[in-house]
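Notes to accompany the following structure.
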Amino acid sequence: MKFKAKLKKEYDIIVVGTGPAGGTLAEQMSRMGASVLMIEKGAYHPKWIMGNQVSPAFIADKMGFLSTREGLTVARGITVGGSAVLSCGSALPPYPGMFEKAGVDINEEVKMAHDYMGVDEDFPDHLIGKNQMHIMEIANSMGYEFRKMPKFINREKCKGEGCMKGCPTGAKWSGRVPVEKALENGAHLVTCAEVTRAIEVKGEVVGVETKNGDKIYGNTVVLAAGGLGTPMILKKSGISEAGDKFGFDPLLFTYGYNKDITTVKDLDMGIVCDNYMISDGFVLSTVMDTLGSFILSATAGGGWSYLHKTHKLGKAVSIMTKIKDDLGGKIYDDGTFSKPLTDNDWNKLKKGEVHAIKILKAAGCRDIFSTKPFASHPCASVRIGENVDTNMESRIKNLFVCDTAAFPEPMGVPCVLTCTALGFKMADILKERLGLQKAI
Ligand SMILES: Cc1cc2nc3c(=O)[nH]c(=O)nc-3n(C[C@H](O)[C@H](O)[C@H](O)COP(=O)(O)OP(=O)(O)OC[C@H]3O[C@@H](n4cnc5c(N)ncnc54)[C@H](O)[C@@H]3O)c2cc1C
């Protein structure tokens with residue numbers, strides 16, 4: 001679905017990208033009475049295409065075929081609501097001290113985001129799924145400390161499956177929720193419009209230009225186009241160092257087969273073990289590929305050795321190892337990107353895999369193997385304290401960055417809660433700048 005508002009001559013604020021960070025910011029600013037335009041590259045995919053095996057193909061960038069120059073698959077959503085539309089609805093706070101080290105305190109905003117998104121710390125057992133609860137029991141009897149994953153999912157609407165397929169019931173929070181509120185507040189939205197660059201006059205931003213050459217004017221521009229989208233716009237705006245390196249939280253799935261306890265129908269990432277986060281830089285969580293992403297990983301992703309196991313997916317249990325990777329790689333001017341995994345990254349993945357194998361064996365799983373790594377959190381490409389200042393402002397006046405790109409370092413855990421918190425932080429900064437009243 002395409003949205004094209006009748007545009008004003010000039011806006012107080014143009015927000016580029018409608019993920020959790022951009023959506024939250026747009027809602028807050030429109031509540032304060034600012035004139036706000038949201039520009040989104042993706043479409044407003046209708047609710048009826050969500051929640052089935054083919055939904056991710058519509059929503060994911062390049063139908064899921066986006067990858068690094070080295071061939072590692074990277075997932076991101078191009079749709080109103082951002083990648084959060086494809087998320088598992090999992091909410092964890094950032095690594096302790098991660099933002100403070102860069103000179104920014106977002107603790108208060110993380111708490112605000114937690115309430116705003118309705119994070120449920122004790123998601124019902126029956127929605128998590130009895131088999132995941134069983135794996136948790138087995139792992140914890142071995143000394144692990146798995147717990148229920150906090151979820152930004154409304155338990156009343158949830159049917160306990162389909163998060164990464166876009167959520168069939170609308171139970172999961174995403175950037176769409178604040179975008180819809182911003183529209184009610186009078187904000188404008190243009191979809192299927194890709195911003196290519198910020199327009200600058202004498203060191204100050206005055207608007208943006210889209211791929212088809214439209215120029216749209218605004219006094220303040222906030223880039224919230226995500227860890228890969230934002231650096232591209234900055235590069236084309238003359239800030240060539242954007243995307244000089246980045247992080248993307250690589251992960252791998254370790255599969256075993258046991259038809260009696262398959263977690264294929266359970267909620268994605270229903271349980272988590274984050275004890276190894278600080279000491280070893282990884283978290284463990286039960287989740288498995290969608291059918292499409294398994295086939296993608298086993299073909300274009302290079303996992304030919306496990307392609308023949310596709311038909312057994314319905315009898316599988318899978319534990320994901322997700323790591324906080326080293327900053328590195330590069331986003332190039334043509335939009336391609338490179339991110340070879342370092343030895344340190346591999347060591348973290350392998351350490352997590354050893355635990356996953358132990359747990360799967362104890363659960364009676366057979367034929368255990370791990371997939372090729374994959375990533376879904378591009379971030380830290382325009383870092384606070386390095387590429388933007390502690391107000392998230394670039395060296396072009398009134399041009400800001402508010403999304404995963406601004407993370408001071410790779411995240412290592414789910415990003416949505418932190419992006420929403422950054423949306424609140426940015427709103428507070430702009431409220432002061434523009435002399436607006438705080439939203440109630
Ligand atoms: C499969 C999957 C599962 C995930 N699961 C979880 C989870 O359970 N919990 C969690 O916290 N995180 C999860 N994540 C990560 C999380 O969704 C993202 O990190 C988060 O949405 C990033 O938010 P953002 O606001 O920075 O950007 P995004 O959500 O990426 O939004 C950026 C928006 O900008 C748009 N855009 C890009 N370029 C342009 C341009 N040039 N012009 C205009 N618009 C543009 C994009 O279309 C997009 O809508 C998952 C991600 C994936 C892919």
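Side-chain atoms of Ser237 do not come within 3.5 Å of backbone N or O of Arg197 as any donor-acceptor pair. Here the side chain of Thr191 pairs no donor or acceptor atom with the backbone of Glu40 at under 3.5 angstrom. Judged purely by atom type and a 3.5 angstrom limit, Ser83 uses its side chain to pair as donor or acceptor with the backbone of Gly77. Looking only at distances, a side-chain donor or acceptor of Asp403 sits under 3.5 Å from a matching main-chain atom of Ala405. Within the 3.5 Å criterion, the main-chain N or O of Ala242 finds a donor-acceptor partner in the side chain of Lys235. One N or O on the side chain of Glu70 and one on the backbone of Lys339 form a donor-acceptor pair closer than 3.5 Å. Using a distance-only test at 3.5 Å, with no hydrogens or angles considered, no donor-acceptor pair links the side chain of Thr79 to the main chain of Gly82. For the pair Asp325 (side chain) and Phe248 (backbone), a donor-acceptor distance under 3.5 Å is present. Between the side chain of Thr290 and the backbone N or O of Ser293 there is at least one donor-acceptor pair closer than 3.5 Å. Checking side-chain atoms of Lys148 against main-chain N and O of Phe123 turns up a donor-acceptor pair under 3.5 Å.
Residues passing the side-chain contact (heavy atoms from CB on, under 4.5 Å) test with Asp334, sequence neighbours excluded: Arg69, Tyr332, Thr336. Scanning for side chain to side chain donor-acceptor pair (under 3.5 Å) contacts around Asn154 gives an empty result, with sequence neighbours left out. Taking the side chain to side chain donor-acceptor pair (under 3.5 Å) definition, one finds that Asn219 meets it with nothing, sequence neighbours left out. Residues passing the side chain to side chain donor-acceptor pair (under 3.5 Å) test with Glu386, sequence neighbours excluded: Arg383. For Ile49, the side-chain contact (heavy atoms from CB on, under 4.5 Å) partners are His45, Pro46, Phe58, not counting sequence neighbours. Every residue two or more places apart in sequence or in another chain that forms a side chain to side chain donor-acceptor pair (under 3.5 Å) with Glu409 is listed here: Lys101, Lys324.
Looking at Pro150 and Arg147, their side chains come closer than 4.5 Å, going by heavy atoms from C-beta outward. Considering only heavy atoms from C-beta on, Pro410 comes within 4.5 Å of Asp249 through its side chain. In this structure, the side chains of Ile295 and Thr310 come closer than 4.5 Å at one or more pairs of heavy atoms. Residues Met38 and His188 fail the side-chain proximity criterion, which asks for heavy atoms closer than 4.5 Å. Side-chain contact between Ile59 and Met50 is present, with at least one heavy-atom pair separated by less than 4.5 Å. Contact check for Asp266 versus Glu161: no side-chain heavy atoms found under the 4.5 Å cut-off. A 4.5 Å side-chain heavy-atom check between Asn387 and Ile239 finds every atom pair outside the cut-off.
Using modelled atom types and a 3.5 Å distance limit, the side chains of Thr286 and Gln132 yield a donor-acceptor pair. Under the 3.5 Å distance criterion, with hydrogens and angles disregarded, no donor-acceptor pair is assigned to the side chains of Tyr116 and Glu109. When only modelled atom types and interatomic distance are considered, Glu353 and Thr254 share no side-chain donor-acceptor pair under 3.5 Å. In summary, the side chains of Asn398 and Thr220 do not present any donor paired with an acceptor at a separation below 3.5 Å, with no hydrogens or angles considered. Side-chain contact, Glu209 with Thr196: no donor N or O sits under 3.5 Å from an acceptor N or O. A donor-acceptor contact closer than 3.5 angstrom is absent between the side chains of Thr68 and Ser338. Ser90 and Lys151 form a side-chain donor-acceptor contact under 3.5 Å, judged by distance and modelled atom types alone.
Note that CG of Asp268 and CE of Met288 are 9.0 Å apart. Values are rounded to the nearest 0.5 Å. Distance SG/Cys415 to CG/Leu92: 10.5 Å, rounded to 0.5 Å. Separating the CG atom in Asp326 from the OG1 atom in Thr342 is a distance of 3.5 Å, to the nearest 0.5 Å. Here Leu399 contributes atom CG and Met392 contributes atom CE; the two are 13.0 Å apart, rounded to the nearest 0.5 Å. Atoms OG1 and CG, on Thr321 and Leu284 in that order, are 5.0 Å from each other to the nearest 0.5 Å. Atom OG1 of Thr210 is separated from atom CD of Glu194 by 9.0 Å, given to the nearest 0.5 angstrom.
Using the six-membered ring where Trp is involved, Tyr255 and Phe253 have ring planes that are tilted, between 30° and 60° apart. A perpendicular orientation is assigned to the rings of Phe152 and Trp173, their planes being inclined by more than 60° (bins at 30° and 60°).
Within the structure, ring-ring contact (aromatic ring centres under 6.0 Å, His included) pairs that include any residue of residues 66-98 do not occur (at least two apart or interchain). Legend: ring-ring contact (aromatic ring centres under 6.0 Å, His included) pairs involving residues 374-393, not counting sequence neighbours: none detected. Listed by first then second residue, pairs satisfying side chain to side chain donor-acceptor pair (under 3.5 Å) with a partner in residues 294-305 read Ser297-Tyr306, not counting sequence neighbours. Legend: ring-ring contact (aromatic ring centres under 6.0 Å, His included) pairs involving residues 390-422, not counting sequence neighbours, sorted by first then second residue: Phe99-Phe407. Within the structure, the salt bridge (Lys or Arg N to Asp or Glu O under 4.0 Å) test picks out no pair touching residues 167-189 (sequence neighbours left out).
Here the closest heavy-atom approach between residue Gly64 and residue Leu296 is recorded as O-CD2, 2.9 Å. Counting all heavy atoms, side chain and backbone alike, Ser30 lies closest to Ala182 at OG-CA, 3.6 Å. Minimum heavy-atom separation, Val36 to Tyr11: C-CD2, 3.7 Å. Nearest heavy atom pair, residue Asp244 against residue Ser381, reads OD1-O, 4.3 Å. Residues Lys236 and Asp333 approach most closely at NZ-O, 4.1 Å, considering heavy atoms. Between Ile216 and Ile14, the shortest heavy-atom contact is O-CD1, 3.7 Å.
The environment of CG in Asn212 is crowded: more than 12 heavy-atom neighbours from other residues, nucleotides or ligands sit within 6.0 Å. Counting non-hydrogen atoms of other residues, nucleotides and ligands closer than 6.0 Å to NZ of Lys62 gives a total of 12 or fewer. Within 6.0 Å of the NZ atom in Lys330, the count of heavy atoms belonging to other residues, nucleotides or ligands exceeds 12.
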Mind listing the side-chain donor-acceptor pairs of residues 417-426 below 3.5 Å, one per line with the distance, residues two or more places apart or on another chain?
from   : atom 1 : to     : atom 2 : distance (Å)
Thr420 : OG1    : Val416 : O      : 2.9
Lys425 : NZ     : Asp105 : O      : 2.9

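A cation-pi geometry, defined here as NZ or CZ lying under 6.0 Å from the six-membered ring centre and within 45° of its normal, does not hold between Lys9 and Tyr217.
Taking a cutoff of 4.0 Å between a charged side-chain nitrogen and a carboxylate oxygen, Arg395 and Asp389 do not qualify as a salt bridge. Lys351 has a carboxylate O that lies under 4.0 Å from a charged side-chain N of Asp280, or vice versa, which qualifies the two as a salt bridge.
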Evaluate the criterion side-chain contact (heavy atoms from CB on, under 4.5 Å) for residue pair Val16 and Val222; output intermediate values, then yes/no. CA-CA 6 Å; Val16 180; Val222 182; over 6 Å; no
